[in-house]
Number of protein chains: 2
Amino acid sequence: MSHYKMVVQYDGTRYLGWQKLGEAGSGEWNKTIQGKLESILSKMTGQTVMVDGSGRTDAGVHARGQTASFTAETELSEEEIRDYLNRYLPEDIAVTSVEQAPERFHARKDATAKTYSYTILNDTVPDPFRERFEYRVAEKLDVSKMREAASYLIGTHDFRNFCSSKRMKKSTVRTIYEIRIEEEGKRLTLSFRANGFLYNMVRILTGTLIEVGKGERTPESLSELFDTQSREAAVYTVPGKGLVLESVEYE
Amino acid sequence: MSHYKMVVQYDGTRYLGWQKLGEAGSGEWNKTIQGKLESILSKMTGQTVMVDGSGRTDAGVHARGQTASFTAETELSEEEIRDYLNRYLPEDIAVTSVEQAPERFHARKDATAKTYSYTILNDTVPDPFRERFEYRVAEKLDVSKMREAASYLIGTHDFRNFCSSKRMKKSTVRTIYEIRIEEEGKRLTLSFRANGFLYNMVRILTGTLIEVGKGERTPESLSELFDTQSREAAVYTVPGKGLVLESVEYE
């Protein structure tokens, strides 16, 4: 038996998300990325292969660098496994690399940092070519105010108020290492690098920064959201389609 | 009554092509770009509005600068017409501009040149983010040979052998002003600017250049294809999904 690490890209538009649902081979199962990968690897090896991802991505969310691990018995080389997967995967999922990994490697437990990006088209006219991968805001955004607001989010904070699950038993403290806001024409790409993210956290952080960009909220007001006794919570969750899991880091 | 020129962008993946089919409002009609635009403009004005495009694009073919003309009676400004259309159009079609035009302006008859692009991903691994807009060729292409071959195509020639319709009664002579082949990473974009194109001509020209890039055909052999007495014809027609109508020129 060998253990592998693989990197997966997908356009999540047609899928219910990363995590497998329903019974193996069912319609629901086949609308998940994990389900698709497990089906093909199981067919390839004649064994039941389980794939562990670095984390779930929601319905409609994309990935350029989702990382996953699995164990399988096969005589195929790393490159042959990759090519086999790409031959049977639908065109909106691709495996960019497969490599052998130490037996103890686990894509989720060993991840030390993740980067997500969120793309906003700040224009009155949509772009049909990028529509699946960006969220359009017609009202002109003040990018310098958004950058100022982002600076309040950097560091170690309790992000409970930036999470849509209200029954968090585990710690809601996370460390954001970096937030970059890049402008290219009428497009804004926000990148968030952190040691981990709570449920919907990137989409809520982005929504809150958009509120700042529109002038509906001051940059300083973001620090108040860390007061977990406050009744106020960030609530503007932007749609999943603008969100991409860019990369996962390991030691 | 006022006369208008508009520029339309679309991701053609879901459509049967530009040209309307079937009865107004039918399922087929709604799977064409022209049908969609006519339905919305007719609803906007309460009149039957006809839209003339610069030319048809086939099923699955995209446009960044399709140009169309129409006549309508409305009190809305140019910008308001554009915004009305974008509000009711599906997200894979967008109108980027609407402007008043001289009464005699006709989007097809007055076009003096058109530019199409064709994108090839020259890689063993697909890119799920661009998959709808490019055609993948795994075998490494010799780009300098393709550029050399393209030079034989420039100018005024009888392109009968680069057309998939064999019952052409009209002239099959066209003038290609420019062919550019741009490399960006593992992506090749071929741009063709000409006074007009025959049916499937860009897709056949691209297929022929790919044959050269693979070494299956020499650059010089392209000039032989202009011999209309020859039985040999270019036959490799690449899929529509890599093709984009980039722009239409008028005097």
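Chain identifiers are assigned alphabetically (A, B, ...) following the order of the sequence lines, protein sequences preceding nucleic acid strands; residue numbering begins at 1 within each chain. Treat the numbers as computed from the prediction; the structure is a model and nothing was measured.
Taking the six-membered ring for Trp and thresholds of 30 and 60 degrees, B/F129 and A/H62 have ring planes more than 60 degrees apart, a perpendicular arrangement.
Within the 4.5 angstrom heavy-atom criterion, only side-chain atoms of B/E131, from C-beta onward, approach chain A. Only the side chain of A/V244 comes within contact range of chain B, with heavy atoms under 4.5 Å apart. Heavy atoms closer than 4.5 Å to chain B are found in the backbone of A/A63, but not in its side chain. With a 4.5 angstrom heavy-atom cutoff, B/D11 touches chain A via backbone and side-chain atoms both. Using a 4.5 Å cut-off between heavy atoms, A/R130 does not touch chain B at all.
Just one residue in the list A/K241, A/R132, A/R136 forms a side-chain contact (heavy atoms from CB on, under 4.5 Å) with B/E91, and that residue is A/K241.
Dense packing is recorded around CE of A/M44, with more than 12 heavy atoms of other residues, nucleotides or ligands lying under 6.0 Å away. Around atom CZ of B/R187, more than 12 heavy atoms belonging to other residues, nucleotides or ligands sit under 6.0 Å away. For A/K31, the NZ atom is loosely surrounded, since the number of other residues' heavy atoms within 6.0 Å does not exceed 12.
Between the CG atom in A/D127 and the CG atom in B/D92 there is a gap of 11.5 Å [rounded to 0.5 Å].
The minimum heavy-atom distance linking A/V125 with B/V95 is given by the pair CG1-O, 3.7 Å. B/P126 and A/Q9 get closest at one heavy-atom pair: O-OE1, 4.4 Å.
Side-chain atoms of A/T124 and B/R82, non-hydrogen and from C-beta on, do get closer than 4.5 Å to each other.
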